[in-house]
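Per chain, numbering begins at 1; letters A, B, ... match sequence-line order.
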Number of protein chains: 2
Amino acid sequence: MTQKLPQIFGTSDSVPEVVIARLPQYIRALNKLNTSTTTVTNSRQLGEMLQVTPAQIRKDLSYFGRFGKQGRGYSVALLLEELKHILGLNSNWNVIVVGMGRLGTAILSYPGFTPDGFRLVAAVDSDQNLIGQVIQGITVKSSDDLSQIIRDHSIDIAIVAVPIEYTQSVINSLVHYGVRAILNYAPISPHVPDDVRIQNIDPVLSLQSMTYYLNN
Amino acid sequence: MTQKLPQIFGTSDSVPEVVIARLPQYIRALNKLNTSTTTVTNSRQLGEMLQVTPAQIRKDLSYFGRFGKQGRGYSVALLLEELKHILGLNSNWNVIVVGMGRLGTAILSYPGFTPDGFRLVAAVDSDQNLIGQVIQGITVKSSDDLSQIIRDHSIDIAIVAVPIEYTQSVINSLVHYGVRAILNYAPISPHVPDDVRIQNIDPVLSLQSMTYYLNN
DNA sequence: GTATGTGAATGCTTTCACAGCT
DNA sequence: AGCTGTGAAAGCATTCACATAC
């Protein structure tokens, strides 16, 4: 399927997705270390905190550069900055919540949902009873105005928490209006074009696979 | 690390975790097919629905048996039953929700959270203002009585939605009282013994890794 | 002495491709 | 003819182990 083109252009070899997925965890560990008096850490310590091997941490970091000092380890503050930079967490990302039922409301209200770099700036729903309500300082708008809202707020990321039967079409609209990153809470795997990132939060799948191990 | 012992006992070779994690998705697809008039499907059709290759579906199923007919495909109803059986979704699993803040309440109230095989039977919190409240027919109990409640209701699975600073100790208690499967919503990776399954639901990690791709 | 960065080796997962059954 | 089930091959990811730097 995927054409194996020779690397004619200077494109650097792409970093495996699993590696990218681990970086936020490294950032968390470093944040934790950073508050205390620690200024230096190493792959063994980070590995213990995150339950991964030291070699994996070193290998992961090596995709992006050489951030450590041999014989010493890593500067906590420096490595933290580097990783945030790599993930783009120094920028500001504008986030919309689509669907303000119980779940959407919980998301908007949960402070942990806006770590450094993210701003919840808009919320929409199709229910007249919800439109106009103010939740956490954000006025719920009509989903009829989605296109306008996305443009006005320069939305980068959409969190979708609408009923399953509307999910695919809502996501189609978001993609059409230019949103390229979606966090989906409906228990389906919506189809999106290749240039759009989607992550599904689907706790029921996790429950259903755990029961296998309870039996076996 | 992992000792490669000869298979002296009749233990079947263990199935890769990635395979187990895909089975619930196969079940979803089959459920969808099952409601319509379709009685037979095949690996190509399932693959299209789930965006995986036909070969992967056939290989995954081959870990458990031979459920298809060459030249024809799979009986939807039969394969569905087989997969449910493999995951143990024909049994009844008793689930407790620990932590009845906004998130815990949302979980308890969301109907999609109790698919076939799961029963939300108890809820606890440490806050006196919440104890005694009835949510979705379940009375919130004091977390002081956790041990008793787990025994009385034969709890199999715990959904943990408590503040981050209490999460590890709550999980320690649950494990101590015999819970062997945990769905954790706090943004940490708690430590548990090897014989306990834990799945973390951590949407912020997903958000933080998506920004990488928005930049690159 | 100590810990990084990294090729090489190992281990795991996916895909191929075809014999065999319907 | 059509589609499964499965060894073998290919493709990825993790771990090892050591030269290199502090």
Nucleotide D/dT4, atom C1' - distance to CG of B/N42 in whole Å: 10 Å

Given DNA chain D, 5'-ward residue of the pair A/R72 and A/T53, judged by closest heavy atom: A/T53

Touch class at under 4.0 angstrom, heavy-atom based, for A/R66 against every strand present: sugar-phosphate

Minimum-distance nucleotide to B/K59 side chain [options: C/dA3, C/dT13, D/dA8]: D/dA8

Geometric class of the A/F113/A/Y185 ring pair [parallel <30°, tilted 30-60°, perpendicular >60°]: tilted

Under 4.0 angstrom between A/Y63 side-chain N/O and D/dA13 OP1 or OP2: no

Integer-rounded Å distance: C/dG5 P and A/F64 CZ: 13 Å

Side-chain H-bond candidate by donor/acceptor type, B/D60 with B/Q56, under 3.5 Å: no

Nearest-Å distance for atom pair CD1/C1', residues A/I57 and C/dT4: 13 Å

Sugar-phosphate, base or nothing in reach of B/P16, heavy atoms under 4.0 Å: sugar-phosphate

Residue that, paired with A/V95, satisfies side chain to side chain contact (heavy atoms under 4.5 Å, CB included) out of A/I107, A/I155, A/I159: A/I159

Residue of the set A/I57, A/L87, A/N31, A/L46 for which side chain to side chain contact (heavy atoms under 4.5 Å, CB included) holds with A/Y26: A/I57

Side-chain-base donor-acceptor pair under 3.5 Å for B/Q70 and D/dT4: yes

Phosphate OP1/OP2 of C/dT14 contacted by B/Q56 side-chain N/O (<4.0 Å): yes

Value in whole Å for how far the C1' atom of D/dG11 lies from CD of A/E17: 15 Å

Atom-to-atom span, CZ of B/F67 to C1' of D/dC3 - whole angstrom: 17 Å

Phosphate-side-chain proximity, B/Y74 and C/dT22, N/O vs OP1/OP2 below 4.0 Å: no

Nearest-Å distance for atom pair CZ/C1', residues B/R22 and C/dT15: 12 Å

Distance-only donor-acceptor check, side chains A/R151 and A/S147, under 3.5 Å: yes

Sugar-phosphate only, base, or nothing, as touched by A/R58 at under 4.0 Å among non-hydrogen atoms: base

Any B/S43 side-chain N or O less than 4.0 Å from OP1/OP2 of D/dT4: yes

B/L61 CG to D/dC3 P, straight-line distance once rounded to whole Å: 16 Å

Most 5' of A/G71 and A/V52 on DNA chain D, judged by nearest nucleotide: A/V52

Length of the CD-P vector between A/E48 and C/dA3, whole Å: 12 Å

